[in-house]
Amino acid sequence: MAIRMTTSPVTFFQSKLTDSFPSSKSHLRSRGNVKYTMMASTIGSSSPKVESKKPFTPPREVHVQVTHSMPPQKIEIFKSIEGWAEQNILTHLKPVEKCWQAQDFLPDPASDGFVEQVMELRARANELLDEYFVVLAGDMITEEALPTYQTMLNTLDGVRDETGASLTPWAIWTRAWTAEENRHGDLLHTYLYLCGRVDMRQIQKTTQYLIGSGMDPRTENSPYLGFIYTSFQERATFVSHGNTARHAKEHGDLKLAQICGIIAADEKRHETAYTKIVEKLFEIDPDGTVLAFADMMRKKISMPAHLMYDGRDDNLFEHFSAVAQRLGVYTAKDYADILEFLVGRWKVADLTGLSGEGRKAQEYVCGLPPRIRRLEERAAGRAKEGPMMPFSWIYDRQVKL
Ligand SMILES: [Fe+2]
Ligand SMILES: [Fe+2]
């Protein structure tokens, strides 16, 4: 399939799942392990006569869902490396006592100086532009949809937490990772609440909608696909939080820069762990892993919050991403850079002894970053000035896309 690239990374990242099925009815059919769920968005479809009888439906629904594509015998690989994971992956978790907490970076409500500290925080926030708060709110909402990401990890065969308190290293990792990540949303949420620049109710509604919709990373219950996805995503969040930190610093808000920076540092540590798992998979099963890598990239890495909705804007995620792209917080170039980094990190070009299919996959992923860059440059050359767009997160004030 040809790559399509526009100025916004979103149109590139997002598989256009909602475009093709305008039907208002839902259908579910199964073919092997592929389930096609065809549903239209329910936005604006409420009928006044049957309001109380209508079952709850998510605002954003995904149409094509492939499940359990990994051959079941490969589950054994993950069982066989549990000892390795304990020694090499759990070491990337920080003991709780050594972890930062959101409170470390926020005014202390029990201190006498609380009100002054809040006033200072608000004065600093006033130096930042509305568009910055659009990006920060979108990043916060993405972090706050954490229940979805834990669910996603627990869809993966062979590594899921079977009981909710399982003692396999995979399950220990997933719970502790979630617990570390939970601080990101807490910190950003409280910061945004105190800063007085955003409509918290609209932001909170967006989070509720997003968790209700879930996400579709197209990882098909396969830990190969799943860990490639998380490697990519942790680096993507490292990049974007790092950039919001840089912007805050440029506008003189060193405290906010510290907030975004400390979150970025966590993402980096998580990236190290996930890329190490995939490195191990390349060592054990180079063919299967390179095929998974190519598969994931062909499908494109969708962003975790791709089903975002605020009750008003049907294209909220695209609009949010366009602002992130324009501000340089997360761009199509970053997408290519991350991919190039991972190709190098896993030494994909040096793999030998691959099958014919494996060699094709290797060639594809190694050639992809320059291809994406070329398309991106061409699209950027054609790009026109973006329109102004109101965002409910900032009381419908308009921001240029
Ligand atoms: Fe995070
Ligand atoms: Fe993360």
Side-chain angles (χ1 to χ4, degrees), residues 100-146 181-211 237 240-264 266 305 308-313 316-317 319-330 388-401:
W100 59 265
Q101 296 299 333
Q103 187 52 59
D104 303 338
F105 300 95
L106 294 164
D108 178 0
S111 87
D112 289 340
F114 176 67
V115 174
E116 287 73 31
Q117 287 169 45
V118 172
M119 296 314 282
E120 280 165 27
L121 182 153
R122 291 162 77 97
R124 286 193 302 271
N126 275 337
E127 298 300 310
L128 293 155
L129 299 171
D130 269 344
E131 52 212 38
Y132 181 85
F133 282 99
V134 166
V135 175
L136 202 61
D139 286 353
M140 183 223 98
I141 291 158
T142 306
E143 292 286 351
E144 290 276 79
L146 182 61
E181 285 281 342
N182 189 51
R183 300 167 306 142
H184 302 173
D186 274 0
L187 177 52
L188 291 174
H189 186 276
T190 314
Y191 171 82
L192 285 173
Y193 170 77
L194 292 173
C195 81
R197 291 286 304 272
V198 295
D199 184 338
M200 285 311 287
R201 193 169 195 283
Q202 274 304 118
I203 288 177
Q204 289 160 347
K205 250 173 69 179
T206 311
T207 303
Q208 185 174 357
Y209 271 127
L210 180 58
I211 296 174
T237 46
S240 63
H241 290 306
N243 284 327
T244 52
R246 184 172 51 76
H247 274 257
K249 198 176 164 197
E250 281 165 11
H251 287 84
D253 193 337
L254 297 181
K255 294 251 165 115
L256 180 56
Q258 200 186 12
I259 286 174
C260 300
I262 197 81
I263 296 173
D266 270 7
M308 184 183 271
Y309 180 57
D310 64 350
R312 297 185 197 173
D313 182 353
L316 179 60
F317 183 73
H319 295 153
F320 153 64
S321 301
V323 179
Q325 160 94 15
R326 194 171 60 75
L327 288 194
V329 169
Y330 189 68
M388 296 296 283
M389 187 61 61
F391 280 86
S392 71
W393 304 335
I394 50 167
Y395 298 97
D396 286 327
R397 288 192 297 272
Q398 301 213 346
V399 157
K400 200 203 270 184
L401 297 188

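Values reported hereafter were calculated over all heavy atoms of this structure, with side chains retained and with hydrogens, waters and symmetry mates removed.
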For residues [X] and [Y], report the shortest heavy-atom separation together with the two atoms involved.
{"X": "Y209", "Y": "D310", "value": "CE1-C, 3.7 Å"}
{"X": "S392", "Y": "Q202", "value": "OG-NE2, 2.9 Å"}
{"X": "N243", "Y": "G328", "value": "ND2-O, 3.2 Å"}
{"X": "A248", "Y": "A257", "value": "CB-N, 3.6 Å"}
{"X": "L192", "Y": "V198", "value": "O-CG2, 3.7 Å"}
{"X": "W393", "Y": "V134", "value": "CZ3-O, 3.3 Å"}

What's the separation between atom [atom1] in [X] and atom [atom2] in [Y], rounded to the nearest 0.5 Å?
{"X": "T237", "Y": "D139", "atom1": "OG1", "atom2": "CG", "value": "9.0 Å"}
{"X": "I394", "Y": "F133", "atom1": "CD1", "atom2": "CZ", "value": "10.0 Å"}
{"X": "T206", "Y": "F320", "atom1": "OG1", "atom2": "CZ", "value": "11.0 Å"}
{"X": "T190", "Y": "M140", "atom1": "OG1", "atom2": "CE", "value": "9.0 Å"}
{"X": "L316", "Y": "F391", "atom1": "CG", "atom2": "CZ", "value": "6.5 Å"}
{"X": "I263", "Y": "L187", "atom1": "CD1", "atom2": "CG", "value": "4.5 Å"}

[X]: partners by side-chain contact (heavy atoms from CB on, under 4.5 Å), with sequence neighbours left out:
{"X": "A264", "value": "F238, H241"}
{"X": "A324", "value": "V135, V329"}
{"X": "Q258", "value": "F105"}

By salt bridge (charged side-chain N to carboxylate O under 4.0 Å, His left out) - contacts of [X] (at least two apart):
{"X": "K249", "result": "none"}
{"X": "E181", "result": "none"}
{"X": "D396", "result": "R312"}

Tell me if the [atom1] atom of [X] is crowded by more than 12 foreign heavy atoms within 6.0 Å.
{"X": "M200", "atom1": "CE", "answer": "yes"}
{"X": "F114", "atom1": "CZ", "answer": "yes"}
{"X": "Q208", "atom1": "CD", "answer": "no"}

Pair listing, salt bridge (charged side-chain N to carboxylate O under 4.0 Å, His left out) test, anchored in residues 188-205, at least two apart: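 Listed by first then second residue: D130-R197.
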
Summary of salt bridge (charged side-chain N to carboxylate O under 4.0 Å, His left out) pairs that have at least one residue in residues 185-194, sequence neighbours excluded: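 Listed once each, the pairs would be none.
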
Tell me which donor-acceptor pairs under 3.5 Å the side chains of residues 121-129 have, and how far apart each pair is, sequence neighbours excluded?
unit_1: R122; atom_1: NH1; unit_2: L194; atom_2: O; d: 3.0
unit_1: R124; atom_1: NE; unit_2: D253; atom_2: OD1; d: 3.2
unit_1: N126; atom_1: ND2; unit_2: R122; atom_2: O; d: 3.4

Check: P109 and Q103 side chains under 4.5 Å, non-hydrogen atoms: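 Heavy-atom side-chain distance check passes, below 4.5 Å.
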
Contact check, side chains of R326 and L401, non-hydrogen atoms, under 4.5 Å: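 Sidechains of L401 and R326: no contact.
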
Set of residues satisfying ring-ring contact (aromatic ring centres under 6.0 Å, His included) with respect to Y132, sequence neighbours excluded: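 Y132 satisfies ring-ring contact (aromatic ring centres under 6.0 Å, His included) with no residue once adjacent residues are dropped.
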
Partner set under ring-ring contact (aromatic ring centres under 6.0 Å, His included) for Y191, not counting sequence neighbours: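 With sequence neighbours excluded, Y191 shows a ring-ring contact (aromatic ring centres under 6.0 Å, His included) to no residue whatsoever.
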
Distance-only donor-acceptor check, side chains T207 and E144, under 3.5 Å: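 Checked: T207/E144 side chains show no N/O donor-acceptor pair below 3.5 Å.
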
Qualifying ring-ring contact (aromatic ring centres under 6.0 Å, His included) pairs, either residue in residues 244-263, two or more places apart: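 The answer is none; no pair qualifies.
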
Sidechain-backbone polar pair: E131 side chain, K400 backbone, donor-acceptor under 3.5 Å: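 A pair under 3.5 Å: no.
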
